[in-house]
Amino acid sequence: MLNRYARAAATRILTPLAKLLIRLGLSPDAVTILGTIGVCLGAWVFFPQGELLIGVLVITAFVFSDTLDGVMARLLGRTSKWGAFLDSTLDRVGDAAIFSGLAIWFFQGGDDRVMAWLAMGALILGSVVSYARARAEGLGMTASVGIAERADRLVVALVTTGLVGLGLPEIVLKVVLAVLVVASAVTVMQRVLFVRQQCLAAEADAANPTP
């Protein structure tokens, strides 16, 4: 949902920065890589120490590279399959860093194994959500459906984590992670069924070709 409604606004906001980075000689690929490194550092350095707010602020400062690199590529006329592949692959790395960083904290200093396992569940199912779409597209179908897309999951998780860092009770984050786990599981099922429908339709068309 956020992918559809926020991307245009984010593009307008980030275009001046994109132009500046281009003038400085940075490439879209470099921004993609640097953004992922920043997200990973924010998640793996600060979350395991219980510095949730600082971690969220650092991650937020870099997470917009996911849109910024695309804006730069379009300004340069360099949109390519390689750029799309690199961006999608490193997105998975950043997502894993965020949820694994939370899991590390709650397995250790945070001392809440339920919260830790919920974070791991959000990580695993979120990866399956993305894989289901990528695999479907690799087979010539689509699977861009579901109630919990990547942007939705990240925004909800990061905002709640930051608020917990400001003093919001941890039970709120536990509830949010549980909801994300359920929503991700539902999204996986929605994508599986959607692809199944396309397979059945293709089989029906093959069995009854149009004269």
Side-chain angles (χ1 to χ4, degrees), residues 1-49 51-105 119-120 122-131 133-134 137 144 148-163 165 177 180 184:
M1 182 173 64
L2 291 175
N3 279 334
R4 293 190 292 271
Y5 297 113
R7 188 168 294 276
T11 297
R12 288 195 298 271
I13 294 170
L14 293 173
T15 294
L17 177 58
K19 292 179 178 178
L20 173 61
L21 294 178
I22 289 171
R23 288 197 296 270
L24 293 174
L26 284 177
S27 69
D29 288 352
V31 170
T32 301
I33 294 168
L34 289 173
T36 302
I37 292 172
V39 169
C40 290
L41 288 175
W44 286 334
V45 172
F46 296 104
F47 282 177
Q49 299 180 60
E51 298 288 351
L52 301 184
L53 178 59
I54 296 176
V56 167
L57 292 176
V58 172
I59 290 167
T60 302
F62 286 98
V63 79
F64 287 105
S65 65
D66 184 45
T67 300
L68 182 60
D69 56 5
V71 175
M72 292 174 65
R74 286 189 289 274
L75 289 173
L76 291 167
R78 293 184 188 172
T79 55
S80 64
K81 291 182 179 179
W82 160 250
F85 169 80
L86 180 66
D87 187 60
S88 295
T89 300
L90 294 186
D91 280 350
R92 306 289 81 74
V93 175
D95 296 355
I98 291 168
F99 288 105
S100 65
L102 286 173
I104 291 170
W105 165 242
M120 289 299 296
L123 187 165
I124 294 166
L125 287 169
S127 296
V128 178
V129 168
S130 298
Y131 175 80
R133 177 174 176 175
E137 291 175 350
S144 55
E149 296 183 352
R150 177 178 182 263
D152 304 321
R153 298 193 308 271
L154 284 185
V155 169
V156 170
L158 289 175
V159 168
T160 308
T161 300
L163 291 175
L177 288 176
L180 287 180
S184 296

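In this text the structure is predicted, and so the values were computed from the model without any measurement.
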Inset, instruction - Kindly give the heavy-atom pair with the smallest separation between Ala119 and Leu102, and that separation in Å. - result: CB-CB, 4.2 Å
Inset, instruction - Indicate the atoms forming the closest heavy-atom contact of Ala148 with Val129, along with that distance. - result: O-CG1, 4.2 Å
Inset, instruction - Apply side-chain contact (heavy atoms from CB on, under 4.5 Å) to Val45 and list each qualifying residue two or more places apart in sequence or on a separate chain. - result: Leu41, Gln49
Legend entry - Set of residues satisfying side-chain contact (heavy atoms from CB on, under 4.5 Å) with respect to Leu57, sequence neighbours excluded: Leu53
Inset, instruction - Rounded to the nearest 0.5 Å, what's the gap from CG on Asp87 to CH2 on Trp82? Could you check? - result: 11.0 Å
Inset, instruction - Answer yes or no: is there a donor N or O on one side and an acceptor on the other, between the side chain of Arg133 and the main chain of Ser144, under 3.5 Å? - result: no
Legend entry - With sequence neighbours excluded, residues passing salt bridge (Lys or Arg N to Asp or Glu O under 4.0 Å) with Glu51: none
Legend entry - Minimum heavy-atom distance between Ser184 and Arg153, given as atom pair plus value: OG-CD, 3.3 Å
Inset, instruction - Any chance you could measure Leu158, atom CG, to Thr60, atom OG1, to the nearest 0.5 Å? - result: 5.5 Å
Inset, instruction - Output the distance between atom CG (Leu180) and atom CZ (Phe99), rounded to the nearest 0.5 Å. - result: 6.0 Å
Inset, instruction - Hey, could you give me the CG/CG distance between Leu26 and Leu34, rounded to the nearest 0.5 Å? - result: 7.0 Å
Legend entry - Closest contact, heavy atoms only, Pro48 versus Ala43: CD-O, 3.1 Å
Legend entry - Residues forming a side-chain hydrogen bond (donor to acceptor under 3.5 Å, both in side chains) with Ser100, sequence neighbours excluded: Trp44
Inset, instruction - Please identify each residue that fulfils salt bridge (Lys or Arg N to Asp or Glu O under 4.0 Å) with Asp29, with sequence neighbours left out. - result: none
Legend entry - Leu76 side chain reached by Pro28 side chain, heavy atoms, under 4.5 Å: yes
Legend entry - Reported CG-to-CE distance for the pair Leu21 and Met72, which is rounded to 0.5 angstrom: 5.0 Å
Inset, instruction - Scan for side-chain hydrogen bond (donor to acceptor under 3.5 Å, both in side chains) pairs involving residues 31-42, sequence neighbours excluded, and state none if there are none. - result: Thr32-Asp69
Inset, instruction - Kindly give the heavy-atom pair with the smallest separation between Gly162 and Val56, and that separation in Å. - result: N-CG2, 3.6 Å
Legend entry - Leu52 to Phe47 - nearest heavy-atom pair and separation: O-CE2, 3.5 Å
Inset, instruction - Drop me the distance from Leu125's CG to Met120's CE, to the nearest 0.5 angstrom. - result: 11.0 Å
